[in-house]
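Okay, so here's the structure we're looking at.
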Amino acid sequence: MSAPASRRQDLRNIAIIAHVDHGKTTLVDALLKQTGGFKVKADAAQEQVLDSNELERERGITILAKNTSVDYQGVTINIVDTPGHADFGSEVERILKMVDGALLLVDAVEGPMPQTRFVLRKALALGLHPIVVINKMDREHAKPNEALDRVFSLFIDLGASDPQMDFAVVYASGRQGWASLTTEPGQDVTPLLDTILKSVPGPAVDPARPLQMLVTMLDYNNYVGRIGIGRVVNGRIKRTELVGLIKPNGESFTGKVVRLERFFGLERREVEEASAGDVVAVAGLPEIHVGDTVTSAENPEALPPLEIDEPTLSMEIMVNNSPFAGREGKFVTGRHLRDRLLREKEVNVGLRVEALEGEGHFKISGRGELHLSILIETMRREGYELAVARPEVIFKDSPQGPLEPMEYLVIDIPTDFQGTVIESMGRRNGKMKNMAPEGTTRVRLEYEIASRALMGFKSELMTTTKGMGLMHHAFHGYGPKGPDPGLRAQGVFVAKEAGRTTGYALASLQEHARMFLGPGVEVYEGMVVGLADTENDFVVNPCKAKAMSNMRSKASDEAIDLTPPVLMSLEQALEFIDETELVEATPKSIRLRKKILNASFRRRDEKRREEVSD
């Protein structure tokens with residue numbers, strides 16, 4: 001009979017969860033600086049040290065979960081910084097399985113937001129008791145008491161138990177590096193560290209049980225191969241020890257632990273052994289994957305597998321076959337594309353990859369538009385060329401009929417644009433859940449809306465509110481399939497032939513469209529060059545040169561006044577295109593094009609589709 005489980009007092013495992021941009025990574029900076037885990041180096045990052053990925057620094061968001069640890073009063077506190085965006089929810093779900101507590105960060109001005117609801121629901125479902133940190137207390141117009149009231153209401157809405165409702169509250173400013181148990185500024189983050197030691201239990205360990213470790217993250221090293229990261233749930237693990245590996249489907253392997261590492265501050269250091277409760281990195285098992293159990297070779301026993309939410313959005317990606325293919329990228333073949341997607345699938349648990357008919361044609365499915373567009377942007381920067389079709393939602397079958405993914409949307413806008421935005425949401429079949437003033441000049445609108453209907457709304461909101469509108473949304477479950485949202489209201493200008501754009505041609509075209517290109521840009525037949533004022537597509541010639549003449553006239557010498565072109569990011573381009581178009585993503589360019597480049601073939605295809613629909 002095994003000894004009863006006890007709790008380690010020298011260790012705490014916590015995750016930091018919050019809405020995107022509520023200051024998780026900055027607060028970790030403050031904890032590392034306080035405990036001496038972060039030394040400023042001339043050639044290293046000076047802030048958000050955990051956001052090591054180039055895209056994370058550029059966008060100011062966390063995409064990949066990161067591990068670090070701090071030592072305080074003889075206790076090692078393992079901290080995991082999680083993504084705040086719901087599209088990376090698969091990362092959050094896995095990380096919460098590794099920890100015994102969580103810091104729920106809430107902005108003192110904004111209060112709980114859609115992703116706060118998303119990550120908190122996950123934490124409460126796993127039985128965690130979050131510590132609420134009202135962060136960004138240094139912001140102007142901070143309303144900590146109001147933010148705390150709304151957090152309390154959110155706990156009630158999500159069905160928190162009585163012990164979970166009795167949460168500890170800490171007020172903090174990650175940027176200024178202080179925490180306090182009152183709304184008055186403190187000296188340093190000691191009150192937060194003390195609260196962690198007091199409120200988060202040490203990991204429960206049973207010394208008599210055989211080894212069990214659940215793999216929740218993967219890393220890769222050219223020397224030792226695939227590295228599995230996870231928490232040792234029971235027993236001990238030693239370097240050079242022979243261990244078993246059990247897959248979720250019951251398949252098992254054995255292997256030797258070639259390298260064993262633990263987290264110390266911002267780095268991993270090799271150790272000889274680790275015991276239950278420790279978060280470790282294990283190398284030497286080539287077949288290791290997220291969700292596997294590393295176990296004793298003599299007494300193999302699997303842990304319950306990870307349950308990851310199903311994908312809600314899919315898009316087709318294919319080899320770039322435009323006339324400009326191969327000009328800018330290093331990896332341009334179907335084999336390159338397949339190998340890269342399969343490699344990503346091994347690490348990115350929320351991703352699904354399916355090969356479609358035809359060479360270099362794949363369907364990828366994920367948790368949302370940002371999840372998939374981050375992958376495409378990363379591949380583009382690595383030197384890949386690819387073409388991407390419009391994202392499509394994944395419907396779910398039920399006895400009551402098809403269901404579609406729904407989003408909870410929060411919009412913060414100036415009151416002057418309130419009527420226009422409410423009208424737009426009405427056209428998209430959004431259901432208003434709440435409406436509240438934010439000060440004297442702004443209003444906050446909350447909606448439940450289908451994911452399909454939300455596509456393209458962000459750019460519309462920016463245009464409508466002259467760049468002053470804010471929106472956040474998170475996956476809210478499935479609802480009955482609603483009516484199809486309307487197609488794009490406007491047509492596009494499509495290039496008639498290959499060539500280089502001229503100012504002379506663009507000057508006349510811009511009177512009837514918003515152009516996507518400036519003068520002197522190379523185009524090809526079938527490339528989308530502008531957004532028309534009317535609902536029909538037009539084939540135009542943006543390369544038309546001015547006819548030369550030996551007659552002089554005053555009008556011919558007038559300077560051309562061109563409107564600056566509309567330049568789209570990858571996300572904006574994916575939202576913009578319709579089912580007849582593709583986004584061509586290369587390391588240097590993002591172009592829009594028709595699937596069928598030739599105008600005559602396009603017309604023939606349109607007639608055929610009209611006949612089929614009739």
Side-chain angles (χ1 to χ4, degrees), residues 6-18 22-39 49-50 66-82 95-96 98-108 120 123-124 127-138 142 144-145 147-148 151-152 155 160 162-205 231 262-266 277-279:
S6 57
R7 290 195 177 272
R8 285 180 62 176
Q9 297 306 312
D10 64 335
L11 185 64
R12 300 290 188 275
N13 293 320
I14 62 164
I16 298 191
I17 57 176
H22 275 198
K24 297 180 295 299
T25 308
T26 309
L27 187 66
V28 174
D29 286 358
L31 293 171
L32 287 165
K33 286 173 184 174
Q34 169 99 14
T35 55
F38 172 37
K39 303 287 192 296
V49 287
L50 291 187
K66 313 289 192 316
N67 292 48
T68 185
S69 75
V70 298
D71 283 318
Y72 179 68
Q73 295 184 359
V75 178
T76 299
I77 303 173
N78 285 322
I79 303 170
V80 192
D81 180 21
T82 63
I95 297 320
L96 291 177
M98 290 170 57
V99 298
D100 304 293
L103 299 182
L104 176 70
L105 264 66
V106 178
D107 191 302
L120 180 59
L124 295 177
L128 298 180
H129 295 230
I131 297 168
V132 174
V133 180
I134 307 295
N135 196 29
K136 300 197 177 183
M137 288 289 290
D138 55 313
N145 295 327
L148 184 58
V151 170
F152 198 81
F155 270 73
D162 288 344
Q164 287 172 327
M165 294 290 290
D166 188 22
F167 50 79
V169 181
V170 179
Y171 301 89
S173 167
R175 176 171 287 182
Q176 294 183 353
W178 61 261
S180 171
L181 299 179
T182 68
T183 54
E184 295 301 315
Q187 299 299 316
D188 52 29
V189 292
T190 302
L192 177 57
L193 292 165
D194 289 337
T195 305
I196 290 171
L197 295 190
K198 181 181 172 185
S199 303
V200 178
V205 296
R231 171 177 162 176
R262 272 183 55 200
F263 291 87
F264 293 89
L266 291 169
D278 288 329
V279 176

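Quantities reported herein were computed from a predicted structural model and do not represent experimental measurements. Every heavy atom of this structure was used, including side-chain atoms; hydrogens, water molecules and symmetry mates were not.
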Report the distance from atom CG of Asn135 to atom CG of Asp107, rounding to the nearest 0.5 Å.
7.5 Å
With a cut-off of 3.5 Å and sequence neighbours excluded, list every side-chain donor-acceptor pair involving residues 162-171.
residue : atom : partner : partner atom : Å
Gln164  : OE1  : Ser161  : N            : 3.0
Gln164  : OE1  : Ser161  : OG           : 3.3
Gln164  : NE2  : Leu124  : O            : 3.3
Gln164  : NE2  : Leu128  : O            : 2.9

Working note: Asp194 + Leu181, criterion side-chain contact (heavy atoms from CB on, under 4.5 Å); need CA distance, chi angles, decisive distance, verdict.
CA-CA 10 Å; Asp194 289 337; Leu181 299 179; over 6 Å; no
dist Ile77:CD1 -> Ile14:CD1 (nearest 0.5 Å) comes out at 6.5 Å
Closest heavy-atom contact between Gly186 and Ser180?
N-CB, 4.0 Å
With rounding to the nearest 0.5 angstrom, report the CE to CD distance, Met137 to Glu184.
8.0 Å
Separation of Ile79 CD1 from Phe263 CZ (nearest 0.5 Å):
12.5 Å
Determine, stepwise, if the pair Asp10 / Val75 fulfils side-chain contact (heavy atoms from CB on, under 4.5 Å).
CA-CA 5 Å; Asp10 64 335; Val75 178; 5.6 Å; no
Closest approach of Ala108 to Ala147 (non-hydrogen atoms, all atoms of both residues):
O-CB, 4.1 Å
Minimum heavy-atom distance Leu11-Gly277, with the two atoms named:
CD2-O, 3.1 Å
So, for Gly177 and Ala30, which heavy atoms are closest and what is the spacing to 0.1 Å?
CA-CB, 4.0 Å
Please examine the side chains of Leu103 and Ile196, heavy atoms only from C-beta on, and report whether any two atoms are closer than 4.5 Å.
yes
Which is it for Asp278 and Arg8 under the side-chain contact (heavy atoms from CB on, under 4.5 Å) test, yes or no, and what are the steps along the way?
CA-CA 10 Å; Asp278 288 329; Arg8 285 180 62 176; 3.2 Å; yes
Reported CG-to-CG distance for the pair Asn13 and Asn78, which is rounded to 0.5 angstrom:
4.5 Å
Shortest non-hydrogen contact from Arg12 to Gln9?
NH1-O, 3.4 Å
Straight-line distance of Leu31 CG to Ser69 OG, nearest 0.5 Å:
11.5 Å
Quick one: do Tyr72 and Val189 satisfy side-chain contact (heavy atoms from CB on, under 4.5 Å)? Show the steps, please.
CA-CA 11 Å; Tyr72 179 68; Val189 292; over 6 Å; no
Shortest non-hydrogen pair, Asp100 vs Gly202, comes out as OD2-C, 4.3 Å
